[in-house]
Visitor: 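If you scroll down you'll find the structure; I have some questions about it.
All values below were derived from every heavy atom in this structure, side-chain atoms included, with hydrogens, water molecules and symmetry-related copies excluded.
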Amino acid sequence: MTIGASQLIKLALGVICCWTIISNAPIAAATDARSLERMERTDVVGTAFRLTFSSGRVLQGKELIGATLSLLLPGDTVVHRVRIDDILVDSRDRDNEVLLHKVTVVDGGGAKELCDPDPDGNRWMFPLKGQWDPEGRMISKSGFTLTCSAGAQGKCVRFGYKPWKTLADGTELAEYHRACVKMVRADYCGDKATTRTGMRIDLYDDLGIEREAESAGTDELSFEAAWSADGAVCVAHTRVPENVTLEGLRNSCPRLNARLGPASCNATNVKAGHFGRALIFNRSR
């Protein structure tokens, strides 16, 4: 699959502190003080919010369209009011599991969408269980993260690497999701992104979730790297030499010293297991 380069997620550690249901829809409306219910619990199931109220009532997924939540964004001391304007099933998801949320900050004067545009020009957001830091590393399995479709975490979910999911054969996709995040960011050593917006990438894996483009061998892309959850297992060429070169990786990432350059890092050697198991592979210019 060929994709564009990612943008960094800016809303990595949003925390929901409370929800206020203000829609006129019967399931979401609170018309007077007597009808208000206390929210007991907020969960995330896949990419859907699930709210449990003191009465035992549960609202989740598309039932929350029109809800307004109070949100404390990372690095901010002010709680913001954020409205869920729409929730759609991701048309790219063959299993219809991923829900895309259109959300707007409605503080003070005027409304502003919460996320930056993705390569398609959309500003989707969805929650994921667990927390990641700005470098794309998962730092906790508790809580949840608001993920924008323009960011690496969001892109990788939409590619099919759902971190909450276990396949029928017992394969956990969380490792694939982490490997994908490293690949999208061109985070070879697992410590910083080196990509640039607008780069063309062909992504594929050993499960068949994403497959190598049919144009392989005839287009301008060549094998770039193979990836694990910790970063690259080998690198044939760097994606953006202006940001990092093979020589730079040799100096900054000793574990890759004998795994750099196309002579050693190529599809044949990777598939033969010369560098251990790789989960994700990609080609680039």
Side-chain angles (χ1 to χ4, degrees), residues 1-9 47 90-95 97-98 100 118-120 122 124 126 128 132 135-138 147-163 165 167 171-190 193-240 243-244 259 262 265-271 275-285:
M1 175 183 178
T2 303
I3 62 173
S6 72
Q7 298 175 343
L8 299 184
I9 289 180
T47 57
D90 189 354
S91 61
R92 299 179 184 176
D93 181 17
R94 290 169 291 189
D95 299 321
E97 295 174 333
V98 175
L100 303 175
D118 61 25
D120 296 324
N122 296 313
W124 298 115
F126 50 82
L128 282 180
W132 284 265
E135 292 297 323
R137 292 183 291 257
M138 178 179 278
T147 304
C148 293
S149 60
Q153 284 96 327
K155 285 176 179 286
C156 289
V157 170
R158 299 190 73 192
F159 295 154
Y161 307 115
K162 303 167 182 176
K165 191 167 183 176
L167 301 183
T171 300
E172 296 183 356
L173 293 185
E175 289 287 295
Y176 284 82
H177 182 262
R178 289 195 285 272
C180 176
V181 169
K182 297 294 191 295
M183 184 283 301
V184 170
R185 291 165 46 85
D187 185 359
Y188 302 106
C189 206
T194 68
T195 194
R196 182 173 63 203
T197 299
M199 301 299 293
R200 188 180 175 201
I201 304 167
D202 183 26
L203 157 72
Y204 53 106
D205 59 68
D206 65 350
L207 296 176
I209 293 175
E210 291 291 349
R211 300 182 183 277
E212 190 173 15
E214 293 181 1
S215 59
T218 62
D219 58 26
E220 75 277 18
L221 305 184
S222 61
F223 189 82
E224 176 189 330
W227 304 85
S228 73
D230 297 321
V233 301
C234 74
V235 182
H237 68 88
T238 58
R239 192 176 308 166
V240 187
N243 291 344
V244 65
R259 304 178 174 202
C265 185
N266 53 64
T268 300
N269 287 345
V270 168
K271 289 178 181 178
F275 309 111
R277 189 185 178 201
L279 307 177
I280 302 284
F281 317 95
N282 82 288
R283 301 184 307 123
S284 65
R285 294 185 66 178

Visitor: Give me the atom names and distance for the closest heavy-atom approach of Ser228 to Arg277.
Guide: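 In terms of heavy atoms, the two residues are closest at CB-O, 4.5 Å.
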Visitor: Would you name the heavy atoms of Ala232 and Val235 that are closest together and state the gap between them?
Guide: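 It is CB-CG2, 3.7 Å.
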Visitor: Give, for atom CG of Leu279 and atom SG of Cys180, the distance between the pair rounded to the nearest 0.5 Å.
Guide: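 It is 11.0 Å, given to the nearest 0.5 Å.
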Visitor: Determine the sole option in Arg158, Lys162, Lys165 for which the salt bridge (Lys or Arg N to Asp or Glu O under 4.0 Å) test with Asp93 is passed.
Guide: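 Between Asp93 and the candidates, salt bridge (Lys or Arg N to Asp or Glu O under 4.0 Å) is satisfied uniquely by Lys162.
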Visitor: Could you pull out the closest heavy-atom pair between Ala213 and Arg283, with the gap in Å?
Guide: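 Minimum heavy-atom separation between Ala213 and Arg283: CB-NH2, 4.0 Å.
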Visitor: Indicate yes or no: at least one non-hydrogen side-chain atom of Phe223 is less than 4.5 angstrom from one of Glu212.
Guide: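 When only atoms from C-beta onward are counted, Glu212 and Phe223 do not touch, as no gap falls below 4.5 Å.
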Visitor: Scan side-chain atoms only and decide if Asn282 and Trp227 contain a donor-acceptor pair under the 3.5 Å cut-off.
Guide: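 Looking only at side-chain atoms, Trp227 and Asn282 do form a donor-acceptor pair, the distance falling under 3.5 Å.
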Visitor: Measuring from Thr195:OG1 to Ile201:CD1, what's the distance to the nearest 0.5 Å?
Guide: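 If I round to the nearest 0.5 Å, the distance is 5.0 Å.
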Visitor: Using the rule given for side chain to side chain contact (heavy atoms under 4.5 Å, CB included), can you reason through Val270 versus Phe275, listing the C-alpha separation, both sets of side-chain angles and the distance that settles it, and then say yes or no?
Guide: CA-CA 6 Å; Val270 168; Phe275 309 111; 4.2 Å; yes
Visitor: Are Ser284 and His237 close enough, and set up right, to give a side chain to side chain contact (heavy atoms under 4.5 Å, CB included), and what steps lead you there?
Guide: CA-CA 9 Å; Ser284 65; His237 68 88; 3.1 Å; yes
Visitor: Taking the side chain as every heavy atom from C-beta outward, state whether Leu207 and Leu167 have any atom pair closer than 4.5 Å.
Guide: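 Heavy-atom side-chain distance check passes, below 4.5 Å.
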Visitor: So, for Ile280 and Asp205, which heavy atoms are closest and what is the spacing to 0.1 Å?
Guide: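 What the structure gives for the nearest pair is CD1-CB, 4.0 Å.
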Visitor: Which heavy atom in Val244 sits nearest to a heavy atom in Tyr188, and how many Å separate them?
Guide: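 Scanning both residues completely, I find the closest heavy atoms to be CG1-CE1, 3.9 Å.
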Visitor: If you measure from CG on Leu203 to CE on Met183, what distance do you get to the nearest 0.5 Å?
Guide: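 If we round to the nearest 0.5 Å, Leu203:CG and Met183:CE are 4.0 Å apart.
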Visitor: Would you mind reporting whether Leu128 and Val157 have side-chain heavy atoms less than 4.5 Å apart?
Guide: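 Counting from C-beta outward, Val157 and Leu128 do come under 4.5 Å.
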Visitor: Between Glu97 and Thr47, is any pair of side-chain heavy atoms under 4.5 Å apart?
Guide: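 No, every pair of side-chain atoms sits at 4.5 Å or beyond.
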Visitor: If you draw a 6.0 Å radius around CD in Glu214, do more than 12 non-hydrogen atoms from other residues or ligands fall strictly inside?
Guide: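 Open.
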Visitor: Short question: side chain of His177, backbone of Gln153 - any donor-acceptor pair under 3.5 Å?
Guide: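 Pair found, side chain donor or acceptor close to backbone of Gln153.
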Visitor: For residues Ala174 and Pro163, report the shortest heavy-atom separation together with the two atoms involved.
Guide: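 Looks like CB-O, 3.5 Å.
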Visitor: Side chain to side chain contact (heavy atoms under 4.5 Å, CB included) for Tyr161 and Glu210? Distances and angles first, verdict last.
Guide: CA-CA 9 Å; Tyr161 307 115; Glu210 291 291 349; 3.5 Å; yes
Visitor: Would you say Asn269's side chain and Cys265's backbone share a donor-acceptor pair under 3.5 angstrom?
Guide: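 Side chain of Asn269 to backbone of Cys265, a donor-acceptor pair under 3.5 Å: no, none is there.
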Visitor: Keeping Asp90 on the side-chain end and Arg92 on the backbone end, is there a donor-acceptor pair under 3.5 Å?
Guide: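 Side chain of Asp90 to backbone of Arg92: a pair is present.
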Visitor: Could you walk me through whether Phe281 and Val233 pass the side chain to side chain contact (heavy atoms under 4.5 Å, CB included) check?
Guide: CA-CA 10 Å; Phe281 317 95; Val233 301; over 6 Å; no
Visitor: So, Arg239 side chain and Val184 main chain: donor-acceptor pair closer than 3.5 Å or not?
Guide: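 Yes; at least one donor-acceptor contact below 3.5 Å.
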Visitor: Hey, is the main chain of Ala186 close enough, under 3.5 Å, to the side chain of Thr194 for a donor-acceptor pair?
Guide: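 Looks like yes, one N/O pair under 3.5 Å.
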Visitor: Are Tyr176 and Ile209 packed together at the side-chain level, in the sense that at least one heavy-atom pair is separated by less than 4.5 angstrom?
Guide: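 No - every pair of side-chain heavy atoms lies 4.5 Å or more apart.
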Visitor: If you measure from CZ on Arg285 to CG on Asp202, what distance do you get to the nearest 0.5 Å?
Guide: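 Reported value, rounded in 0.5 Å steps: 14.0 Å.
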